[in-house]
Amino acid sequence: MTILFNELPILEETKKAIDALGFEELTPIQALAIPEAVKGIDIIGQAQTGTGKTFAFGIPMIEKINTSLRETQGLILCPTRELATQVFKEILKLVKFNKHINVTLIVGGESYERQFKALKSSPHIIIGTPGRMIDHMERGTVDLSTVTTLALDEADEMLKMGFQEDMENIMSHIAEERQILLFSATMPTAIKKIAKIYQRDPQILKVESKTLTVDQIKQTYYIVKNTEKLASLPRLLDYTQSKSTIIFSNTKADVDRITEYLLNNGYLADALHGDIKQRSRSDVMRRFRDRQIEILVGTDVAARGLDVNGVELVINYDLPYEKEVYVHRIGRTGRAGRTGLAYSLISPRKQSQLRELEFFIKAKIEYSDIPSIQDIKKAQLDAFKDGLKEKLNHDYSDHLKDIQDILEDTSKEDLINALLHQVMPKPKYYDDIESINPRKPREKSSRNGKKAKYQDFIINIGSKDKMTPMKFLKMMDRTFNVYQKNIGDIKIDKVYTRFGIKQEGVSKMRFTKGRYEGKVVEIKNA
């Protein structure tokens, strides 16, 4: 059921601000959280990045602010300075027509003097990072005893970054009668413990989704040797001709190496990671938002909270160590109903990690070859012709009369050809990467030495169910009518088993659902 913002029991000033932003319908997490949160109930909201969580906790917080009191009543904690800044900007939009609500940002890398002055006025709402908030608490420059609404944004990330002690310290200093709104993409044990200690009968709200990734994102992977990853980037960038790209790497050293390589090859790129000073990071992000640079190369922590519209392409130079991080990464594109692209470079040895990732996100990531030089030339030419057709729809002055003297000695065809030579796209590299030999996904060999095509599957049963390879083969025979000779590699993990079936065996599979020792088991494509 669709819920409209103007139907909510919230301040008219807030409705006016939302209307000015052009929003009408609530997102799923907003529809679940806002009606409950405005009642003053503690909430645990589980939803992915880019789902509108800021409004889900921001609107209820604003509802509870008593502007006649000059004291801090709302606090929003975020894992990084960048995310806190993004949330701060969103809250400012919500209070645009409620001038009596004072909001301030308290994060690292900013002037203490400015923050001392801001805190002295007892802002109604503070958005900050745990470390800087603790700093001000120890200095005695902030009073959290009056905070009646606390929002924890991306709580799982704060735990991963080592802020658990700071979070608990802050929660122990806010008002006894308070509301805690906890939002997290994942729900690890530590989050549940914090909720049990500090929240009171929280309402658990979870956005159920068939997939964890946005439908508008086309996900593709390429099998590339580690030594060929750098050289593959220009091909991918030129093939897509993206004007706004983020490349993620797991290490700062690789971020610097990738950035230097792209700059040396004529691309507008810059780096973003933890070793770069805050002022420089802010400048990099500003230039990326303003399209002064087209490619941002960064680590996960540095790019977290980066609020940029219109990112067309995300490239995973490495797969992240944690599957949830993949979802956050590719969520940078495909926002606000736009389509997006997400490419992942996979070394031949990492194919099993990719299959596990597909199982986690409940979606297929398509394999493709690294674009050839011919592919890139065709893509560039097609884009050039489309642009030319678009220009032909406009009216222009008659420039031919200005060059009539040239036309007396030259045909229009020769002139057009000379002008096209100046403006048509020309590949600017490729000599150093001709050696790239795209590798297909692994195939398994049959006993007679011929290549046997296998299809990969996953079933929801694993070592915790005391599954063994022998038990697995018997189960497949008796329950699913798949004989041992048609089954390839078997990998048994804790809660699921990944395996291959020959194509001829797939057609003989009787069911995809069955029972094993009282448990319902289901086979799905890997």
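For the salt bridge (charged side-chain N to carboxylate O under 4.0 Å, His left out) test, residues two or more places apart in sequence or in another chain that qualify with Glu356 are Lys491. For Ser242, the side-chain contact (heavy atoms from CB on, under 4.5 Å) test picks out Thr240, Thr245, Glu312, Leu313, with sequence neighbours left out.
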Please lay out, stage by stage, how Asp283 and Arg286 fare under the test salt bridge (charged side-chain N to carboxylate O under 4.0 Å, His left out).
CA-CA 5 Å; Asp283 183 58; Arg286 178 189 59 76; 2.7 Å; yes

Given the rule in the side-chain contact (heavy atoms from CB on, under 4.5 Å) test, do Asp166 and Met133 qualify, once you have shown the distances and angles that lead to the verdict?
CA-CA 9 Å; Asp166 290 346; Met133 290 306 303; over 6 Å; no

For the pair Val255 and Leu272, evaluate side-chain contact (heavy atoms from CB on, under 4.5 Å) and give the outcome as yes or no after the intermediate values.
CA-CA 8 Å; Val255 166; Leu272 195 69; over 6 Å; no

Ile126/Val142 under side-chain contact (heavy atoms from CB on, under 4.5 Å): CA gap, chis, key distance, verdict
CA-CA 10 Å; Ile126 297 174; Val142 67; 3.9 Å; yes

So Phe248 and Tyr317, side-chain contact (heavy atoms from CB on, under 4.5 Å) or not? Walk me through it.
CA-CA 6 Å; Phe248 285 104; Tyr317 189 79; over 6 Å; no

Test log, rule side chain to side chain donor-acceptor pair (under 3.5 Å), inputs Arg200 and Gln179:
CA-CA 8 Å; Arg200 296 160 188 173; Gln179 178 186 30; over 6 Å; no

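Nearest approach of Asn525 to Gln455, heavy atoms of both residues: OD1-NE2, 2.9 Å. Between Ala84 and Ile127 the shortest heavy-atom distance is O-CG2, 3.5 Å. Here the closest non-hydrogen pair linking Ile191 and Ala155 is CD1-CB, 3.4 Å. Heavy-atom minimum distance, Gln203 versus Ile41: CB-CG2, 4.1 Å. Residues Pro320 and Gln353 come closest through the heavy atom pair O-NE2, 3.3 Å. When all heavy atoms of Thr148 and Ala175 are compared, the pair lying nearest together is CG2-CB, 4.3 Å.
A cation-pi arrangement is not found for Lys53 relative to Phe183, the charged atom failing to lie both closer than 6.0 Å to the ring centre and inside a 45° cone about the ring normal.
Side-chain N or O atoms of Thr129 include none that pairs as donor or acceptor with a backbone N or O of Arg81 at under 3.5 Å. In this structure a side-chain-to-backbone donor-acceptor pair under 3.5 Å is present from Asp143 to Ser145. Within the 3.5 Å criterion, the main-chain N or O of Asn66 finds a donor-acceptor partner in the side chain of Gln73. Without hydrogens or angle criteria, Asn250 side chain to Leu319 main chain gives a donor-acceptor distance under 3.5 Å. Remark: side-chain polar atoms of Asp42 are not paired, donor with acceptor, to backbone N or O of Gln199 under 3.5 angstrom. A distance-only check finds no donor-acceptor pair linking the side chain of Lys466 to the backbone of Ser463 [under 3.5 Å]. Side-chain atoms of Thr80 come within 3.5 Å of backbone N or O of Leu83 as a donor-acceptor pair. Put simply, the side chain of Arg332 never gets that close to the backbone of Val311: no donor and acceptor are under 3.5 Å apart. The closest donor-acceptor contact from the side chain of Glu358 to the backbone of Ile365 lies under 3.5 Å. Although no hydrogens or angles enter the test, the distance criterion places a donor-acceptor pair under 3.5 Å between the side chain of Ser172 and the main chain of Asn169.
Taking NZ of Lys243 as the start and CD of Glu294 as the end, the distance is 5.0 Å to the nearest 0.5 Å. From Ile247, atom CD1 reaches atom CG of Leu233 across 5.0 Å, with rounding to the nearest 0.5 Å. Annotation: the span from His273 atom NE2 to Ser249 atom OG amounts to 10.0 Å, rounded to 0.5 Å. Going from atom CD1 of Ile523 over to atom CG of Asn460 covers 9.5 Å, rounded to the nearest 0.5 Å. Note that CD1 of Ile65 and CG of Asn98 are 9.5 Å apart. Values are rounded to the nearest 0.5 Å. In this structure, Lys96 NZ and Glu13 CD are separated by 14.0 Å, a value rounded to the nearest 0.5 Å.
For Glu24, the CD atom is loosely surrounded, since the number of other residues' heavy atoms within 6.0 Å does not exceed 12. When the shell of 6.0 Å around NZ of Lys519 is examined, it contains more than 12 heavy atoms from other residues, nucleotides or ligands.
Between Leu150 and Met171 there is a side-chain heavy-atom pair separated by less than 4.5 Å. A heavy-atom distance below 4.5 Å is found between the side chains of Val103 and Phe88. Residues Ile106 and Leu119 meet the side-chain proximity criterion, which asks for heavy atoms closer than 4.5 Å. Side-chain contact between Thr299 and Thr251 is absent, with no heavy atoms from C-beta onward closer than 4.5 Å. Residues Leu262 and Val297 meet the side-chain proximity criterion, which asks for heavy atoms closer than 4.5 Å. For the pair Leu181/Leu152, no side-chain contact is recorded, criterion being any heavy-atom separation below 4.5 Å from C-beta on. Side-chain contact between Ile76 and Ile91 is present, with at least one heavy-atom pair separated by less than 4.5 Å. Using a 4.5 Å cut-off on side-chain heavy atoms (C-beta onward), Leu345 and Asp318 make no contact.
In the model, Gln219 has a side-chain atom that pairs as donor or acceptor with a side-chain atom of Tyr326 under 3.5 Å. Side-chain contact check for Glu168 and Tyr198: at least one donor-acceptor pair (N or O, by modelled atom type) lies under 3.5 Å.
Taking a cutoff of 4.0 Å between a charged side-chain nitrogen and a carboxylate oxygen, Asp290 and Arg287 do not qualify as a salt bridge. Remark: Asp456 engages Arg355 in a salt bridge, criterion side-chain N to carboxylate O under 4.0 Å. Using a cut-off of 4.0 Å between Lys/Arg side-chain N and Asp/Glu carboxylate O, Arg139 and Asp135 are scored as salt-bridged.
Looking at Thr479, Ile461, Ile459 one by one, the single match for side chain to side chain contact (heavy atoms under 4.5 Å, CB included) with Tyr516 turns out to be Ile461.
A ring pair (Phe, Tyr, Trp, His ring centres under 6.0 Å) check over residues 122-181, counting only residues at least two apart or in different chains, returns the pairs Tyr112-His136, Phe116-His136.
You'll find the ring centres of Phe472 and Phe499 inside the 6.0 Å limit.
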